[in-house]
Every structure is written in C-alpha cells, then in structure tokens.
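Heads up: the structure comes next, in structure tokens.
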Amino acid sequence: PVPVPECACCLVHVALAPHGLDVARVRRVGFDQLAHARDLHVDRAVVGPGLAAVDALPPAAPAATAPAAPWHRFPRGTGPGQLLHEQLEWLAGERFALAREPALAAALRTRLGRRAPEVNADDAVDWLAQVCDTPVPALGAALSGLPRTWPELEFWLPTEGLDAARVDALCREHVLPGHERPALPPRRLRGLLMGFADLVFEAPDGRFGVLDHKSNALGDDDAAYTPEALAAAVLHHRYDVQGALYLLALHRLLGQRLGARYEPARQLHGATFLFLRGVAAPGAGAWHLAPPMALIEGLDAMFSGAKGLPA
C-alpha cells in the first residue's frame, strides 16, 4: 500500500523540512488573512478546524414556513458550522458509519446535547447520517465507503516575501478561468501559512484527495444547490485558493512519501468541497477541483522561492 500520514505532523514536516525552519520562532498566518483584507504582521493567526472562519454565512432571516428537510432548517452561522465540523471530525474516526451503527447515533445525540443543547439533535443526526451514506459522484463513493480517511491534517507553508497577487493570478488562470471573483488583498506574505484539511482520503480508485466540509446556506431548498450555484459560492469565498493550497500540501506530502514512484496523474485525486446543505441535490452538494498540474507546480515554485526565515 501507498505510505500515508499517520498524524498531522507529517504535513508539517513536508512543508518545513526543505527550508530548515524553526516553527516556534516564526510568524503564522491563516487562509482567512490571505483571502481577506486584514493585517498579516502578527505572531499568531492560526485558522481553526476546516478553516471555519470563512466557512459560514451570517444568520439568515427565518423562512415564512419551516423547510421540510433537516439540513435546510438547521441553524445557520459560524457557531452551527463549527458544531457540524466537530461532529464530522469525530465521525471520520468512526469510519462515518452513523447510519449503520445505532450506538453511534446515540453517542452523537449525547455529544450534541452536551455541546449545543439548543440544537435539535434528531435533525442533526438525520442530516449527518445522510451526509455519511449519500454517494458523492466526485468521490466515487459515500464518505462511509471511502477505503481510508485521515481527518484534520495540518499543513504549514513558508511564505516569506511571497506576493499574494501572484497566487491570485495563478488561481484565476487555472480554476474556472474567465469567471469573476473578489481579488485577494494586495499583500506580501510573511510567516507560515497554516491550515487544516478537514479530510484527506483514499478514493476507491486508489488516488488520494482532500475534502473540506462547507455549511454555507445557498438557499432554502435543494434546488439552490446547482453546480452553477456551488461554483459561484466557491469563487465568492475564494475557496479556489483554499483548494489550490490544499492540493499543494498533499502534492508535497505524496512526493516526499513516494519519491520517484509518485505519479500525480495516477495518484492525486483533487480537492472536493462538500456543501453539506446540498446533500439531497444532484451531485450531493460536491464541487470538485481536479488537480491542474500547471497550477500545483506553479504554486510549488512560488512557495519554494519564498525567502527562508532565520533558524
């Protein structure tokens, strides 16, 4: 079998080993700061699990009538989004077997009752059971059918002196070219870009990919989660940049673990954004970025050219 990471530190070592950097002595920045206009010159700015800081819309006004599906009537906002991420991280450790193991459903209700007693636990369990067992065409399986998964893998990328505009231009060229999106703020990055991938997985065809859960509400029913709407949300939040950085981290990891045996065309699956409220829509709410090697190699060259920090 292909060697794969056993812990989050594997991605850290992949990102830092070629640069000889001392993690304790460098500034850290997160994707949220790369994608939004705010000060980058800070000592600690670490993005939380799944980059949840840019993952949820503000609470919306309640609909005139409650939507029928639990995933549409579930509360919106950053707090509920983080709650869902925490439960999916836990379920990944249980092989997403929620629909097949009643004990997991009971344990999940207990977790929800302790963490967020105001939330309808039955709705959350029903929704997450659907998320776990619904086949996702982009993955070639349901989450519960993936051969191997590794939740919350952490990556760090040295960025000292890297111009964010160059990253922006490269992503515009290779991800949905010709489609408008907000510009990344004009920044010269200094420090380590840090992120957490919700899930690294092995697909049924043996390729390795990365998946990020999104709790964004795009509308009040399944019809709102069309491929066009998913693509528009990806560009609006600049998840195209997030996906590209995830692919760069995974590309470096596989290259280090496999060496000369690494063949990206055969072993790199891509980055998938799973919009959880689109679980019953065609495509199960997934937007997939197949690995454009020109983009990954371009980013690799950019980040490799970033000036190193003193050890």
Side-chain angles (χ1 to χ4, degrees), residues 4-17 21 23-24 26-36 38 40 42-56 78-94 96 115 128 131 139 143 146 148-159 167 189 191-202 208-216 234 237-254 256-257 268-276 286-287 289 296 299 303:
V4 289
E6 297 178 356
C7 61
C9 63
C10 294
L11 281 178
V12 177
H13 292 318
V14 168
L16 301 184
L21 299 184
V23 177
V26 295
R27 291 183 297 271
R28 288 176 266 184
V29 298
F31 171 78
D32 189 34
Q33 293 167 297
L34 172 61
H36 300 84
R38 58 183 66 182
L40 293 180
V42 297
D43 290 330
R44 288 179 177 266
V46 181
V47 178
L51 305 178
V54 294
D55 166 9
T78 302
Q82 183 60 43
L83 176 67
L84 291 168
H85 276 83
E86 292 171 2
Q87 309 321 309
L88 285 164
E89 179 184 354
W90 173 71
L91 286 167
E94 304 293 338
F96 296 107
R115 171 73 169 77
L128 293 177
V131 168
L139 305 182
L143 293 179
L146 293 171
R148 291 189 288 178
T149 60
W150 300 268
E152 292 299 326
L153 284 184
E154 176 182 353
F155 68 86
W156 304 60
L157 298 170
T159 66
V167 176
L189 306 179
L192 292 175
L193 182 66
M194 179 187 182
F196 294 85
D198 283 350
L199 195 71
V200 171
F201 63 89
E202 181 185 5
F208 291 88
V210 61
L211 180 143
D212 200 72
H213 306 294
K214 297 298 181 190
S215 62
N216 307 55
V234 165
H237 294 284
R238 295 312 308 265
Y239 297 152
D240 56 326
V241 179
Q242 183 183 352
L245 295 175
Y246 281 175
L247 284 176
L248 172 60
L250 183 57
H251 171 70
R252 287 185 170 185
L253 172 63
L254 292 173
Q256 186 181 76
R257 299 301 291 269
L268 192 59
H269 179 273
T272 302
F273 292 99
L274 191 61
F275 287 78
L276 301 173
W287 186 86
L289 174 61
I296 297 171
L299 285 173
F303 280 90

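- Between the CG atom of Asp198 and the OG1 atom of Thr149 there is a distance of 12.0 Å, given to the nearest 0.5 Å.
- With hydrogens and angles ignored, the 3.5 Å screen pairs no side-chain donor or acceptor of His213 with any backbone N or O of Leu88.
- For Thr159 (side chain) and Leu193 (main-chain N/O), no donor-acceptor pair under 3.5 Å exists by modelled atom type.
- Once rounded to the nearest 0.5 Å, the distance linking NZ of Lys214 with CZ of Phe273 reads 5.5 Å.
- The distance from the CG atom of Leu157 to the CZ atom of Arg252 is 6.0 Å, given to the nearest 0.5 Å.
- Phe96 meets the ring pair (Phe, Tyr, Trp, His ring centres under 6.0 Å) test with no other residue; sequence neighbours excluded.
- Tyr239 and Asn216 share a side-chain donor-acceptor pair at under 3.5 Å.
- Nearest heavy-atom pair across Gly81 and Ser215 is CA-OG, 3.3 Å.
- Residues passing the ring pair (Phe, Tyr, Trp, His ring centres under 6.0 Å) test with Phe275: none are found, sequence neighbours excluded.
- Put simply, CG on Leu153 and CG on Leu199 are 8.5 Å apart, with the number rounded to the nearest 0.5 Å.
- Phe155 and Tyr246 have their aromatic ring centers within a separation under 6.0 angstrom.
- Summarising the geometry of Ala244 relative to Leu289, their closest heavy-atom pair is N-CD2, 4.3 Å, with the distance given to 0.1 Å.
- Partners of Glu86 according to the side-chain contact (heavy atoms from CB on, under 4.5 Å) rule, which considers only residues two or more places apart in sequence or in another chain, are Gln82, Leu83, Arg115.
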